[in-house]
Structure formats: C-alpha cells, structure tokens
Amino acid sequence: MQISITLNGKKLTEDIPPELLLIDWVRRHGCYSVKRGCETSNCGLCTVFMDDRPVLSCSVLAARADGTRIETLEGLQEEAEEFGTFIASQGAEQCGFCNPGMIMNTIALFRENPWPTEEEIKEYLAGNLCRCSGYEGQLRGVLAFLEKRRGGGGL
C-alpha cells in the first residue's frame with residue numbers, strides 16, 4: 001500500500017505493509033525521539049503531532065496517517081528548545097527517557113492554553129510515563145517555566 005506523509009516538513013511517499021504502525025514508520029525515518037514504552041497507549045512516549053493534534057503513534061497505523069502532516073520533536077526543535085533547556089536546568093528530569101513525550105504534550109498544552117492552571121498541567125502530564133520522579137519534577141518544572149514566562153524568574 002502506498003502512503004504519502006509530510007514528516008517534519010518533508011513530503012515522503014512510499015510503499016508500506018498495511019500493518020505498519022506509525023511509530024515504526026517515523027523511527028524508520030530517523031525520528032528517534034519517538035519511543036516505545038508500553039505499546040498500549042498509556043505512557044505518552046510515542047506522542048507525535050498529526051495535523052497539529054497529539055496522537056499516540058503506537059496505536060495508529062501508518063496507513064491512517066496517509067495525507068497528513070506528522071511532526072516529531074526533531075521537527076519542533078525551535079519551539080521545544082527553550083522549554084526543554086529550562087526543564088533540564090531545573091533538574092526536572094532524571095534519566096530523560098520520558099522527556100520527548102513530555103515535551104510534546106507540554107507543547108500541545110501551551111498551544112491550546114498558554115497559561116494553564118496547575119490542574120490543567122497535571123491533566124496533560126498524567127498520560128506521560130515517568131518511572132524516575134513520579135511526575136513531581138516535571139510539574140515543578142512546568143510551573144517554574146510559566147513563572148519565568150510571566151517575568152517571575154522561576155524557582
């Protein structure tokens with residue numbers, strides 16, 4: 001089956017097997033920020049944007065993405081750089097394995113709501129697996145980032 005997908009701004013057309021998952025397709029094209037975690041749509045490590053909406057690529061067939069625009073963290077470096085650097089400088093990560101999915105979902109949150117409440121942040125982070133810190137580091141990091149954006153300087 002032939003598909004055509006715009007991946008991080010580059011249009012790609014190729015033949016694929018019908019059972020190929022989107023996670024496998026994007027990783028084949030060098031997007032290693034998209035990771036396997038649970039493979040049950042529960043951890044957020046495989047989050048990509050499909051036509052600007054976050055989706056879990058482990059639960060989407062690549063064929064379903066035909067004709068869409070897919071963005072991964074590799075394609076959003078400019079948008080993600082300030083937040084990702086800030087999170088790291090705050091010590092809001094430990095092993096870093098969950099960071100790409102967490103950053104993708106935080107970008108989605110900020111696009112939808114530039115000034116989220118703590119409860120809204122928790123709602124977005126709830127779908128992201130973090131075995132190291134129990135989410136508190138990420139929550140503190142996002143809150144400190146928002147404080148910095150408001151001019152408060154962070155923690």
Side-chain angles (χ1 to χ4, degrees), residues 3-14 20-37 41 43-60 62 64-130 132-133 135-155:
I3 62 169
S4 182
I5 297 173
T6 302
L7 177 63
N8 295 326
K10 181 179 179 185
K11 188 170 185 171
L12 303 168
T13 301
E14 66 183 271
L20 183 68
L21 291 172
L22 184 58
I23 186 173
D24 297 317
W25 188 85
V26 297
R27 287 182 62 82
R28 279 186 188 176
H29 291 282
C31 298
Y32 300 118
S33 69
V34 183
K35 298 177 183 173
R36 288 191 180 284
S41 303
C43 72
L45 295 175
C46 66
T47 301
V48 300
F49 289 163
M50 180 186 292
D51 291 334
D52 295 322
R53 298 186 71 203
V55 298
L56 299 170
S57 63
C58 75
S59 62
V60 176
R64 299 273 326 242
D66 184 33
T68 66
R69 191 171 25 84
I70 301 295
E71 292 174 297
T72 67
L73 193 56
E74 287 84 355
L76 298 172
Q77 285 299 306
E78 198 170 300
E79 188 172 359
E81 185 177 11
E82 181 186 12
F83 176 69
T85 301
F86 184 84
I87 288 291
S89 74
Q90 293 289 305
E93 63 181 5
Q94 288 185 23
C95 77
F97 189 71
C98 67
N99 273 11
M102 195 264 302
I103 290 171
M104 290 293 288
N105 281 296
T106 303
I107 289 171
L109 169 62
F110 289 160
R111 285 179 176 183
E112 184 179 314
N113 180 358
W115 303 107
T117 65
E118 185 170 335
E119 282 306 309
E120 290 167 328
I121 295 166
K122 285 179 180 178
E123 187 176 313
Y124 267 77
L125 294 182
N128 292 282
L129 174 71
C130 177
C132 296
S133 71
Y135 310 100
E136 289 302 314
Q138 289 95 342
L139 176 60
R140 278 192 317 273
V142 173
L143 290 169
F145 180 75
L146 288 171
E147 184 179 330
K148 178 183 175 258
R149 278 186 19 191
R150 285 187 178 105
L155 296 175

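Residue numbers run from 1 in the order of the sequence given. Computed over heavy atoms, backbone and side chain alike; hydrogens, waters and symmetry mates excluded.
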The single option from L45, L109, L73 passing side chain to side chain contact (heavy atoms under 4.5 Å, CB included) against M104: L73

Check: M50 and L22 side chains under 4.5 Å, non-hydrogen atoms: yes

Under 3.5 Å: donor-acceptor pair, side chain of S57, backbone of C46: yes

F49: partners by ring pair (Phe, Tyr, Trp, His ring centres under 6.0 Å), with sequence neighbours left out: none

Rounded distance [0.5 Å steps], CD1 in I121 versus CD in E118: 7.0 Å

Spacing of NZ belonging to K10 relative to NE2 belonging to H29, to within rounding of 0.5 Å: 9.0 Å

R27 side chain to R36 backbone, donor-acceptor under 3.5 Å: no

Geometric cation-pi criterion, R149 with F86: 6.0 Å, 45°: no

Aromatic plane relationship, F145 with F83 - under 30° parallel, 30 to 60° tilted, over 60° perpendicular: perpendicular

Residues K122, E119; criterion salt bridge (Lys or Arg N to Asp or Glu O under 4.0 Å); working and verdict: CA-CA 5 Å; K122 285 179 180 178; E119 282 306 309; 3.8 Å; yes

E74 side chain to S33 backbone, donor-acceptor under 3.5 Å: yes

Salt bridge (charged side-chain N to carboxylate O under 4.0 Å, His left out) against E82, all qualifying residues, sequence neighbours excluded: K148

